[in-house]
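Heads up: the structure comes next, in structure tokens.
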Amino acid sequence: MATPVRVRFAPSPTGMLHIGGLRTALYNYLFAKHHGGEFVLRIEDTDQNRYVEDAESDITKSIQWAGLDYSEGPDRPGAFGPYRQSERSAIYKQYADQLIENDYAYFAFDTTEEIEEMRSRLEKSGNPSPKYDAITRMSMKNSLTLPKDEVERRLASGDPYVIRLKVPRRETVRFFDEIRGFVSFETQGLDDQVLMKSDGLPTYHLANVVDDHLMEITHVIRGEEWLSSAPKHILLYNYLGWEPPKMAHLPLIMSPAGGKLSKRNAESLGIPVNVRDYVTKQYEPQAVVNFLAFLGWNPGDNREVMSLDELVESFSLDRVVKSGSIFNFNKLTWYNEQYLRSRSEASILEQVKPDFEAAGCSISSQEFGETVIRLIKDRASLITDFVAEAGYFFNAPESYDEKTVAKAWKADSTPALIIEFAEILQSSADFSAEHLKHEAHSFLEAKGLGFGKLGLPLRLAITGKGAGPDLFEVIALIGKEETAKRIQKALETL
RNA sequence: GCCGCGUUCGUCUAGGGGCCUAGGACACCGCCCUUUCACGGCGGCGACACGGGUUCAAAUCCCGUACGCGGUACCA
């Protein structure tokens, strides 16, 4: 039997979850579920300085909002916990020591200033990218250059130190990326990565390798920004005597302005970068998921709208594209409309009720409410559009759209026409939309007038607007009495 | 600078030597439906970055150039 697939989403709690992070989580989830495996959440909080208090709960809430259930995580204990790196410190130390023992890593005592000094010295002498590496390490203060007894003395006296990876001078590191194929790096270009920081915590590089191994992660699916450090991780797996997991580096999501989708780069274009914003704006989670899935992947046929289950069913890494994709906000909107339209009136009504009440639109009956939803549905992009548009179903218009007034309300002819039709409405025993529509047509036919002569000003009187759902549906819904009142009001105002 | 990755309509993408006069979706435009605005239907506009090869044949393979993105921290 093949090894069960285990993947992880390993965000750092340095802020609200980024929309690109959600896509990474999604691809991990889809891959895991497709293979009947486990999706694990691991919090990579090894950087004390960048730690943000509410970030972790935002991350868990956001991925749950999207419907991506993880079976193990900080709030869902499993066999491989703890799932916060800050709670695993002791583990990393052990492996760092093992590396040192085997001469794959060493202690370094250089201060930040000393490293800076080395860099600027080398830069001056013509080295464009000075690194702490196989060459420079020999002129720095570390356990490779200092006498053994001094190293021991410094360690014993509590001198601050870091542990660095001893990257070989010239070696080729080659690995297979599930999305890009073979990728190779020369170790010359790598620096002696810090593995343990002076605060005693590991860096991402050590921690993710140790945890992925210990947590039996089979596939590392992460953003392309990690591709460059992947060779260091491969080296680490080798030095620790472990088999590296399969790797897949996802193309990045970019801003229409170019560059990565950062707050600065995208929000001025109206594209929120935090998942939280989409939650707040009440996007349909499924729409966001569907959109994100298609940003860098497609099923290979012409399907566009797919449920999470369908995505799971169709997902595979070999259909993930290699190039970065620009966030197409219009398409997200379109997806949201698709999902909105597929929802029942009752479910939308339930969600939107509190906002209606808050806006002074009290829903007299379930039927009334659902009809309002039905009439607005095809015109809504976001669920918040319902409240924004529904005012006239509940209250007489406070004002009348000026353009439409200028265009359709002719002082010499309109009022008389409206008054005449209003009488027909009032005497109509059948107040259904269908019947009213019929009445209007025969009324106009008798007069030899086009519908616009009556329809537009009447709409204006009833809704205050120049466009909207079927006028007779609106009139039938608000009722005979209210219709009469609004016509009267319009006649007095306009 | 160096290292790595990438490059098909404005955008998301299909395409893995002949099926491509390059397909779909969003956006845009037009027509139809229609009392308006939408929805929906139909149609249009619109792309293989450039230059060399390889081949009977290249969007598809190879090389180079350009451009874009990422990395180059005691950040992830």
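The analysis underlying the following values was restricted to heavy atoms, covering all of them including side chains, and did not include hydrogens, waters or symmetry mates. Here is the naming used below: chain letters follow the sequence lines, and residue numbers restart at 1 for every chain.
- Relative to the six-membered ring of A:Y27, A:R23 meets both conditions, a distance below 6.0 Å and an angle of at most 45° to the axis.
- Across the protein-nucleic acid pair, A:Y204 atom OH and B:rU72 atom P stand 12 Å apart, rounded to whole Å.
- Between A:L227 atom CG and B:rG4 atom P there is a gap of 11 Å when expressed in whole angstrom units.
- Between B:rC26 and B:rC20, the two C1' atoms lie 23 Å apart (nearest whole Å).
- The salt bridge (charged side-chain N to carboxylate O under 4.0 Å, His left out) test applied to A:D212 returns A:R8, A:R42, not counting sequence neighbours.
- In this structure, the CG atom of A:L250 is 14 Å from the P atom of B:rG6, given to the nearest Å.
- For B:rG70, its base sits under 3.5 Å from the side chain of A:S228 at one donor and acceptor pair at least.
- In this structure, the CG atom of A:N290 is 12 Å from the C1' atom of B:rC12, given to the nearest Å.
- Across all strands shown, B:rG4 forms a Watson-Crick or G-U wobble pair with B:rC69, both key distances being under 3.5 Å.
- Residues forming a side chain to side chain donor-acceptor pair (under 3.5 Å) with A:S228 (at least two apart in sequence, or on another chain): none.
- Nucleotide B:rC39 carries a syn base; the chi torsion (O4'-C1'-N9-C4 or O4'-C1'-N1-C2) is within 90° of 0.
- Close to B:rA73, at under 4.0 Å from its OP1 or OP2, lies no side-chain N or O of A:R50.
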